[in-house]
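Beneath this line is the structure, given in structure tokens, with notes to follow.
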Amino acid sequence: MRLLGNDKISGEAHPDEHEFSESGRALNRWFDEHARDLPWRAPEVTPWGVLVSEVMLQQTQVERVRPVWEEWIHRWPDPSALAEEPLAEALRAWGRLGYPRRAARLHEAARVIVREHDGRVPDRLDALLALPGVGAYTARAVLAFAFGQRSPVVDVNVRRVLRRVWHGEADGPARAADLPDALALLPEDPDEASKLSAALMELGQVVCAPESPNCDICPINPCRWARAGKPAAQAPAGRRAPRYAGSDRQARGAILAALRESADPLRKAALDQAWLINPAQRERAIASLIDDGLIHVDGEERVALGPAEQR
DNA sequence: TTCCGGGGAG
DNA sequence: CTCCCTGGAA
């Protein structure tokens with residue numbers, strides 16, 4: 001049952017197919033019992049609901065996404081509903097999720113879906129990848145979680161699980177082989193395969209954490225990584241992440257927040273109060289927000305949410 | 001490679 | 001304080 005701990009495969013570069021199906025089944029059984037009750041996993045959720053959840057979850061924790069997703073889906077239950085809305089409304093509803101360009105891309109994606117796909121989220125990889133804001137991860141996640149396809153889904157969590165459980169090594173930078181590795185791991189049956197994709201993510205989030213993983217409750221313990229002594233990942237050499245406090249990003253966030261909370265466009269003098277720390281930085285932030293199409297200056301020299309031309 | 005938010009855990 | 005989180009695009 002715990003074939004990843006089986007001695008007969010130790011030393012091989014890759015586990016054989018038999019081991020795969022066994023550990024995969026164990027993982028799916030674990031998922032059946034322990035999967036978190038997330039709203040976008042409910043059976044009645046549409047592919048649109050899944051797409052919205054995946055975009056919101058990019059670099060954003062589950063518990064922060066949950067309430068915003070609920071509001072979006074209630075308000076815009078299908079792509080055409082969002083497509084008919086001005087971007088400003090989508091930005092307001094985005095709230096403090098962060099990376100507001102995601103809201104703009106999702107809004108544009110809704111319009112592309114209406115225009116080119118008859119209002120339905122496409123179920124083909126190339127068509128999904130062509131949507132704004134949809135990359136290699138999100139496209140395959142939609143195929144797996146919205147359409148139940150056998151689709152390799154590799155985010156940072158799955159990558160870590162693959163490195164540890166599959167290769168018996170520490171996590172490391174993304175490799176070209178990650179996607180083929182993930183695909184090889186999936187069983188042929190689409191239902192089991194898509195479930196395993198979700199289970200791998202769940203395991204990485206809840207159990208196989210970057211630091212201090214909870215191996216005691218892991219359904220495939222001991223895995224190769226555990227037997228290898230749980231080697232630690234190398235610290236990403238290079239310089240540390242820039243501070244957020246006082247950054248241009250924080251300035252953008254403050255300006256956008258002021259506009260979200262105002263029913264009407266704001267004069268520049270009013271916006272000054274949104275970021276008093278550094279006027280030059282404030283102007284830089286405003287310019288970059290305009291450049292991103294998230295705000296514009298209207299005919300009365302006031303700053304407003306959304307792009308200059310609405311529809 | 002770098003930029004892009006924001007919150008929360010440690 | 002630092003680090004991490006279901007990435008995407010230029």
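When reading the values below, keep in mind they use all heavy atoms of this one structure, side chains included, and skip hydrogens, waters and symmetry mates. Each chain gets a letter, A, B and so on, in the order its sequence line appears, and its residues count up from 1. Note that the structure is a prediction, hence the values are computed from the model and not measured.
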Q: Check whether any side-chain N or O of A:Q59 sits under 4.0 Å from OP1 or OP2 of C:dG7, and answer yes or no.
A: yes
Q: Please check if the distance between the ring centroids of A:W72 and A:W94 is under 6.0 Å.
A: yes
Q: Kindly say whether, by distance alone, the side chain of A:T60 makes a donor-acceptor pair under 3.5 Å with the base of B:dG5?
A: yes
Q: Please say which of A:I286, A:I295, A:D292 ends up in a side chain to side chain contact (heavy atoms under 4.5 Å, CB included) with A:R252.
A: A:D292
**Q.** Phosphate OP1/OP2 of C:dC5: any A:R160 side-chain N/O under 4.0 Å
**A.** yes
Q.
Can you tell me which nucleotide in B:dG5, C:dG7, C:dA9 comes closest to the side chain of A:Q58?
A. C:dG7
Q.
Looking only at the side chain of A:P100 (C-beta and beyond, no hydrogens), which of the listed nucleotides B:dG6, C:dC5, B:dG5 gets closest?
A. B:dG5
Q) Quick one: on DNA chain C, does A:A245 or A:V156 contact a more 5' nucleotide (nearest heavy atom)? A) A:A245
**Q.** Nearest listed nucleotide, side chain of A:R249, among B:dG5, B:dG7, C:dG8
**A.** B:dG5
Q. Got a donor-acceptor pair under 3.5 Å from the side chain of A:Q61 to the base of C:dC5?
A. yes
Q | Shortest side-chain distance from A:P210, nucleotide among B:dG5, C:dC5, C:dG8 | A | C:dC5
Q. According to a strict under-4.0 Å criterion, is A:Y244 in side-chain N/O contact with OP1 or OP2 of B:dG6?
A. yes
Q. Going hydrophobic residue to hydrophobic residue with side-chain gaps under 4.5 angstrom, can you get from A:L87 over to A:V297?
A. yes
